[in-house]
Number of protein chains: 2
Amino acid sequence: MTQTTFDRVERRTVAVEVRERLIEAIRNGELIAGTALPAERVLCEQFNVARTSVREAIQGLATAGFIERRGNRAFVVEVVPGLELALDSRKATVRNLFEVRRVIEPAMAGLVALRAPEHVRREIADLASRHASGIDEFRLIDRQFHQMIASACDNPVLSEVYSKALASLFNSEEFASLLYAENNKEEVSNIVESSSHAHVEIAEALLAGDQVRTEKAVAAHLRDVEARMLERLI
Amino acid sequence: MTQTTFDRVERRTVAVEVRERLIEAIRNGELIAGTALPAERVLCEQFNVARTSVREAIQGLATAGFIERRGNRAFVVEVVPGLELALDSRKATVRNLFEVRRVIEPAMAGLVALRAPEHVRREIADLASRHASGIDEFRLIDRQFHQMIASACDNPVLSEVYSKALASLFNSEEFASLLYAENNKEEVSNIVESSSHAHVEIAEALLAGDQVRTEKAVAAHLRDVEARMLERLI
DNA sequence: TGCCTTGGTCTGACAATCAGACCCAAGCCA
DNA sequence: TGGCTTGGGTCTGATTGTCAGACCAAGGCA
């Protein structure tokens, strides 16, 4: 057995970590292009680091072109570096994410129909029948619904793999821009209504312990949502 | 749209990073229980950090019980903390990992049969027909074979999700202890032979562009390897 | 315009890391 | 056993990164 070797370790400073957090927030839409960054004093409180470290991080953002200074504030640039993906590329990303969901979700939900105790399946059904009062509440219920199914499949590894894939979709700029764009209100409302119905269908199949019916309901749900999202990416 | 907030950032020192690298190597079998750690001067060269940082990390290992000092060397303890998982729990981990593979791999390989250009499928077949001269070379070919299939499915997200799952299996202590235990030589040889045949089967189905046959060949392969691994976990 | 917020700059203290030197103990081999 | 090599232990001084806080100038808003 050969003697093991180790790769070099890089020194990882607080300022670099803060900078990457901010870049991530810009990339996934939490910090919107053209808007002001939170104040340094606010950031150093939230990150729980010294202000000099925050300033160091922000200077790195300015150098890399993610922000510009106007007046006494720092603003996210209108055109974020590396985000001008071609439309084809953005559609491909959404397609790829939904393809991953199509590979994983029906099988996983099928396992839930097979394995989960009745009281767990009943809880899932209760959640599916809850009525959301707006897009933000729907998103919350939607996430809980899917996470509950993942948790109920009795395979923590599969659950984790799926959760990461779902997080990628929810954190993508395509998803955020679709949900919050003012001119998409009607379509978003359609997606919410259609998804609520699909959740109910899925939950009924789960409650009946019917693996095949569950898999079909999940697959249909994914096809519907994916089509609506791709349709709106113009 | 609500104003975003950030989670606290922890200060991450070089010594902590080195310590975690060493713990990981102990956990996944690269550093064997009872054997001596590499010398400090060797480690600081490999990690590319100062010796004081390496010493700090090693002191943390000693405090946490991963190593003990005997003579002028540091040795991995015979009983590594947190590694005495119950046998049931270890089998469950392996089962869970293989279940994830069963969800993902047949579908992914099926996509390759559908989508990949012929020259790519031919490359995969060439790799499958290569003869390994030992366990280490087999592991290398095995990894390349599976990674090549993942890359050929034309969905980078799925490919990445799968690669992470595969890495979890290959890095698990169950896998390492099975492959390198002296009393498993014959069984390991059987696994290698059986897997080589299965790879050839899979590659032929891919070359034929037959999605259904590919999915079946992959599923059979996984059932075989899983059964052999679980059988040997005693 | 006045007041508050925010960014810019600086200070001094502390923590972490670095490279290197030196010494002693342990291990190995003739 | 003696000598050499290897390895750990300790220390030094310099550099970098982080911290908390103070003070001033600029910007924004009622």
Side-chain angles (χ1 to χ4, degrees), chain A residues 2-23 25-26 31-32 34-77, chain B residues 2-23 25-26 31-32 34-77:
Chain A
T2 58
Q3 178 69 11
T4 195
T5 62
F6 293 94
D7 295 335
R8 59 192 299 163
V9 161
E10 305 292 342
R11 188 163 176 180
R12 185 145 184 95
T13 64
V14 164
V16 166
E17 179 72 27
V18 169
R19 192 182 74 205
E20 291 184 355
R21 292 276 189 88
L22 292 172
I23 289 177
I26 291 171
L31 293 178
I32 310 290
T35 62
L37 236 56
E40 293 175 357
R41 289 183 176 92
V42 170
L43 289 177
C44 76
E45 273 189 26
Q46 295 185 358
F47 285 123
N48 193 41
V49 300
R51 187 149 75 96
T52 38
S53 301
V54 168
R55 295 183 56 74
E56 184 78 26
I58 291 178
Q59 183 56 44
L61 288 189
T63 301
F66 286 97
I67 59 170
E68 60 192 357
R69 307 197 191 251
R70 300 206 295 266
N72 66 341
R73 302 297 304 262
F75 289 78
V76 181
V77 295
Chain B
T2 58
Q3 180 69 9
T4 195
T5 62
F6 293 95
D7 294 334
R8 59 192 301 166
V9 162
E10 305 292 344
R11 190 162 176 180
R12 186 150 183 91
T13 64
V14 163
V16 166
E17 178 70 26
V18 168
R19 194 183 72 207
E20 291 185 355
R21 292 276 189 90
L22 293 172
I23 289 177
I26 292 172
L31 292 178
I32 310 290
T35 61
L37 237 54
E40 292 175 358
R41 290 184 175 90
V42 170
L43 288 177
C44 76
E45 274 189 26
Q46 294 185 359
F47 285 123
N48 193 42
V49 299
R51 187 148 78 95
T52 39
S53 302
V54 168
R55 296 182 54 75
E56 184 79 27
I58 290 176
Q59 183 55 43
L61 287 188
T63 302
F66 286 97
I67 59 168
E68 61 193 356
R69 308 198 191 252
R70 298 205 298 264
N72 66 340
R73 302 298 300 264
F75 290 78
V76 181
V77 294

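Just so we're clear, the structure is a prediction, and the values are computed from it rather than from any experiment. Numbered from 1 within each chain, the chains take letters A, B, ... in sequence-line order.
Boundaries of the chain A contact region on DNA chain C are C:dT6 to C:dT17, first to last in 5' to 3' order (nucleotide atom under 4.0 Å from a heavy atom).
Checking B:Arg69 against A:Ala15, the closest nucleotide of DNA chain D that is more toward the 5' end is the one next to B:Arg69. Nearest-nucleotide mapping onto DNA chain C: of B:Val16 and B:Asn72, the residue sitting toward the 5' end is B:Val16. Nearer to the 5' terminus of DNA chain D, by closest-nucleotide assignment, is the contact made by A:Ser53 (compared with the other of A:Ser53 and A:Arg70).
Looking at B:Gln59 and B:Arg55, their side chains never come closer than 4.5 Å, going by heavy atoms from C-beta outward. With a 4.5 Å cut-off on side-chain heavy atoms, A:Pro38 and A:Leu31 count as touching. In this structure, A:Phe47 and A:Val14 have side chains that are not in contact, with every pair of non-hydrogen atoms separated by 4.5 Å or more. You'll find the side chain of B:Ile32 stays beyond 4.5 Å of the side chain of B:Val76, heavy atoms only. Looking only at side-chain heavy atoms (C-beta outward), B:Arg69 and B:Ile58 come within less than 4.5 Å of each other.
The phosphate of D:dT18 has neither OP1 nor OP2 within less than 4.0 Å of any side-chain N or O from A:Arg51.
Residue-level contact check: B:Thr13 touches the backbone only, with heavy atoms under 4.0 Å from sugar-phosphate atoms and none from bases. Using a 4.0 Å heavy-atom criterion, one finds that B:Ala74 contacts no nucleic acid atom at all. Residue contacts for A:Arg73: at a heavy-atom cut-off of 4.0 Å it reaches the sugar-phosphate backbone alone, with no base atom in range. Counting any heavy atom pair closer than 4.0 Å across all strands shown, A:Thr52 reaches a base atom.
One atom, CZ of A:Phe47, and another, C1' of D:dT18, lie 16 Å apart when rounded to the nearest Å. The nearest whole Å value for the distance from the CZ atom in B:Arg12 to the P atom in D:dT18 is 14 Å. Following rounding to the nearest Å, B:Glu45 (CD) and D:dT6 (C1') show an atom-to-atom distance of 14 Å. Distance, B:Glu56 CD to D:dG8 P: 16 Å, rounded to whole Å.
Contact annotation: side chain of B:Arg41 to base of D:dG8, donor-acceptor pair present below 3.5 Å.
Between A:Arg41 and A:Glu45, none of the side-chain N atoms (NZ, or NE/NH1/NH2) sits under 4.0 Å from a carboxylate O, so this pair counts as no salt bridge. A salt bridge links A:Arg8 with A:Glu10: at least one charged nitrogen is closer than 4.0 Å to a carboxylate oxygen.
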